[in-house]
Amino acid sequence: VVPQAAATGIKSALSGYTSSSTGPVPLVNQLTWAPVAGTTSYVVERAQGASGPSVVIGSVEGPSYRDSGVAAGTTYVYTIVAENAVGNGPTSASLTITTPAIPIAPSAAQITGVTVNSLSLSFTDNANNENGFQIYRAAGSGSFSLLTSLGASTATAPSPVTYTDTNLAPGVTYQYE
């Protein structure tokens, strides 16, 4: 018997870069749905945008699919088809998601104050959709490492952001990015 019902309860969990990430992280959309009785596999279809053609992006045995082929700032429409050896069941209702756009990079980084043991940095936040900022530091000729992660600015961009690096050693050259 062909699966008689369509997959229901389709949910999306988008993951990727957060303010605590220490490097680029690809966006991933984890889809889940309620199991359909009599199903041996599910076909996952995706369209780019509301009017784009729907294409099969995968087939899975259980009610979940990890879509690692998503891009920032894009709308996707997903549907699921339950199937077994006899044939395909009805197509599910669609689920539409829009991935977040990549934030505009900050600019105008500068040192705004220096004391014996501290240094104040400032830069311009040019985006309203960031999750946060990461500041990297190198001491002397050493390599850069993550110094701190700052939360997202609550001010409307462009807006100034400042950070003070404390407990610095006198006479050491520091570089920031």
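Counting from 1, the numbers follow the sequence of the chain as shown. None of these values were measured; they are calculated from a predicted model. Keep in mind that the numbers below use all heavy atoms, side chains included, and drop hydrogens, waters and symmetry copies.
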From [X] [atom1] over to [Y] [atom2], what is the distance, rounded to the nearest 0.5 angstrom?
X	Y	atom1	atom2	answer
L14	Y76	CG	OH	10.0 Å
T91	I80	OG1	CD1	10.0 Å
L121	D165	CG	CG	7.0 Å
R137	T148	CZ	OG1	10.5 Å
N128	S159	CG	OG	7.5 Å
N117	T164	CG	OG1	13.0 Å

Verify the neighbour count for atom CD of E61: are there more than 12 heavy atoms of other residues, nucleotides or ligands below 6.0 Å?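 Result for CD/E61: open.
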
Side chain Y65, main chain V43, donor-acceptor under 3.5 Å: no

Treating S120 as the side-chain partner and T112 as the backbone partner, does any N or O pair qualify as donor plus acceptor under 3.5 Å?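 Answer holds: no.
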
Picking from V161, I111, T162, what satisfies side-chain contact (heavy atoms from CB on, under 4.5 Å) with S122? T162

Establish, yes or no, whether a centroid distance under 6.0 Å links the rings of Y163 and F133.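 Ring centres of F133 and Y163 not closer than 6.0 Å.
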
Provide the full list of side-chain hydrogen bond (donor to acceptor under 3.5 Å, both in side chains) pairs with a residue in residues 36-49, sequence neighbours left out, each pair given once. S41-E83, E45-T79, R46-D67

